[in-house]
Amino acid sequence: MSDAYSPIPELNLLKEFQDGLGGQFFSPGFELIEYDRGLDWFCGDAPDAYLDRLIPFAYATSSGSYYALWRCDDRTDLATLPVIFFGDEGDLWVEACDLRELFRLLAVEPDDPEDRARLASARQKYLGWLHQNFGLTPHDGSDGAERESLTEYTRRFAVWVSEFASEDLLDDVLSALDVEIPTP
């Protein structure tokens, strides 16, 4: 039996990096958690067959929000799946088109001066790790194609949720995603 963190090499590398920081954070609130931990943002309103298409892997904030990969199709490279942000206060959005895009977003310098100071040393190590392992730099927000892909993934995610959600849950999801989908 493998003692790898996950079946995704990119996440295994990140787990090794995170463990090497000795408890320091490199991005505000981000922390890998037990891979595929049974978290349910839908509060029991989603059948297991749907929840199985979500793979939680990290806290996104220090208050309980988390990231999950969404198995939007049957691709075998799980690192290329979209990353969904599930907020502890009902927020919901497609954060990144894939893990590498998320890694670039995590590298962006925090806006808060206290976070910048507190995370500076570990963030510098992360920037080096990101470049060394993937040849990537922090996200600069200038990729129009990425924005189009995020919009399409958001629409597809909303349609997927509509397959199982009650009317109230679907209204909450559509409101959180700020998207409309045609109803039958």
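All figures in this text were calculated on a predicted structure; none of them were measured in a lab.
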Heavy-atom pair with the smallest gap, counting every atom of [X] and [Y]:
X: Leu92; Y: Leu177; answer: O-CD2, 3.5 Å
X: Ala158; Y: Leu170; answer: O-CD1, 4.2 Å
X: Pro7; Y: Leu78; answer: CG-CD1, 4.2 Å

#### Entry: Hydrophobic cluster of Leu105, others only, ordered by chain and residue number, side-chain cut-off 4.5 Å
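Leu105 clusters with nothing; isolated.
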
### Query
Quick one: hydrophobic cluster around Leu119, which other residues, with the 4.5 Å side-chain cut-off, linked directly or via members?
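Direct or chained contacts put Leu119 with Phe25.
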
### Message
According to salt bridge (charged side-chain N to carboxylate O under 4.0 Å, His left out), who are the partners of Asp48, at least two apart in sequence or on a separate chain?
### Response
none

### Message
Please enumerate all residues that pass salt bridge (charged side-chain N to carboxylate O under 4.0 Å, His left out) together with Arg71, with sequence neighbours excluded.
### Response
none

#### Entry: Results of side-chain contact (heavy atoms from CB on, under 4.5 Å) for Asp168 - residues two or more places apart only
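Expected list: Ser166.
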
### Message
Ser62: which residues meet the side-chain contact (heavy atoms from CB on, under 4.5 Å) condition with it, sequence neighbours left out?
### Response
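With sequence neighbours excluded, Ser62 shows a side-chain contact (heavy atoms from CB on, under 4.5 Å) to no residue whatsoever.
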
### Message
Are more than 12 heavy atoms, taken from residues, nucleotides or ligands other than Asp112, located less than 6.0 Å from that residue's CG atom?
### Response
yes

Could you measure the distance from the [atom1] atom of [X] to the [atom2] atom of [Y]? Nearest 0.5 Å is fine.
X: Phe17; Y: Asn133; atom1: CZ; atom2: CG; answer: 9.5 Å
X: Gln18; Y: Leu32; atom1: CD; atom2: CG; answer: 4.0 Å
X: Asn12; Y: Tyr5; atom1: CG; atom2: OH; answer: 8.5 Å
X: Cys72; Y: Leu81; atom1: SG; atom2: CG; answer: 5.5 Å
X: Leu174; Y: Leu169; atom1: CG; atom2: CG; answer: 9.0 Å
X: Leu69; Y: Leu102; atom1: CG; atom2: CG; answer: 8.5 Å

### Task
For the residue pair Phe57 and Ser6, establish whether any side-chain heavy-atom pair is separated by less than 4.5 Å.
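Contact flag for Phe57/Ser6 side chains = no.
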
### Task
Determine, for Asp73 against Arg75, whether the closest basic-nitrogen to carboxylate-oxygen distance falls under 4.0 angstrom.
yes

#### Entry: Charged N-O contact under 4.0 Å between Glu152 and Arg155
yes

### Query
Please walk me through it: do Tyr50 and Val161 pass side chain to side chain contact (heavy atoms under 4.5 Å, CB included)?
CA-CA 8 Å; Tyr50 285 91; Val161 170; over 6 Å; no

### Message
Grouping I, L, V, M, F, W and Y whenever their side-chain heavy atoms are under 4.5 Å apart, do Tyr67 and Val108 come out in a common cluster?
### Response
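Hydrophobic grouping puts Tyr67 apart from Val108.
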
### Message
If hydrophobic clusters are built from ILVMFWY residues whose side chains come within less than 4.5 Å, do Leu14 and Tyr35 share one?
### Response
yes

Test item: [X] side-chain N/O and [Y] main-chain N/O as donor-acceptor pair under 3.5 Å:
X: Ser162; Y: Val159; value: yes
X: Arg116; Y: Asp111; value: yes
X: Thr154; Y: Leu150; value: yes
X: Asp98; Y: Pro82; value: no

### Task
Could you tell me how the ring of Phe26 sits relative to the ring of Tyr126: parallel (under 30°), tilted (30 to 60°) or perpendicular (over 60°)?
parallel

### Task
Measure the acute angle between the ring planes of Phe157 and Phe86, then classify it against the limits of 30° and 60° as parallel, tilted or perpendicular.
perpendicular

Show every salt bridge (charged side-chain N to carboxylate O under 4.0 Å, His left out) that has at least one partner inside [range], sequence neighbours left out.
range: residues 6-24; result: Glu10-Arg100, Lys15-Asp19
range: residues 25-36; result: none
range: residues 123-137; result: none
range: residues 51-67; result: Arg53-Asp74

### side chain to side chain donor-acceptor pair (under 3.5 Å) against Gln132, all qualifying residues, sequence neighbours excluded
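If we apply the side chain to side chain donor-acceptor pair (under 3.5 Å) test to Gln132, skipping adjacent residues, there are no hits.
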
#### Entry: Within residues 86-97 or reaching into it, pairs that qualify as side-chain hydrogen bond (donor to acceptor under 3.5 Å, both in side chains) - sequence neighbours excluded
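Only Ser63-Asp88, Ser65-Asp88, Trp93-Glu95 qualify under side-chain hydrogen bond (donor to acceptor under 3.5 Å, both in side chains).
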
### Message
Is the distance between the ring centroids of Trp129 and Phe103 under 6.0 Å?
### Response
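Ring centroids of Phe103 and Trp129 are less than 6.0 Å from each other.
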
### Message
Is it the case that the ring center of Tyr66 lies less than 6.0 angstrom away from the ring center of Tyr59?
### Response
no

### Message
side chain to side chain contact (heavy atoms under 4.5 Å, CB included) for Ile8 and Leu99? Distances and angles first, verdict last.
### Response
CA-CA 10 Å; Ile8 305 170; Leu99 277 177; 3.7 Å; yes

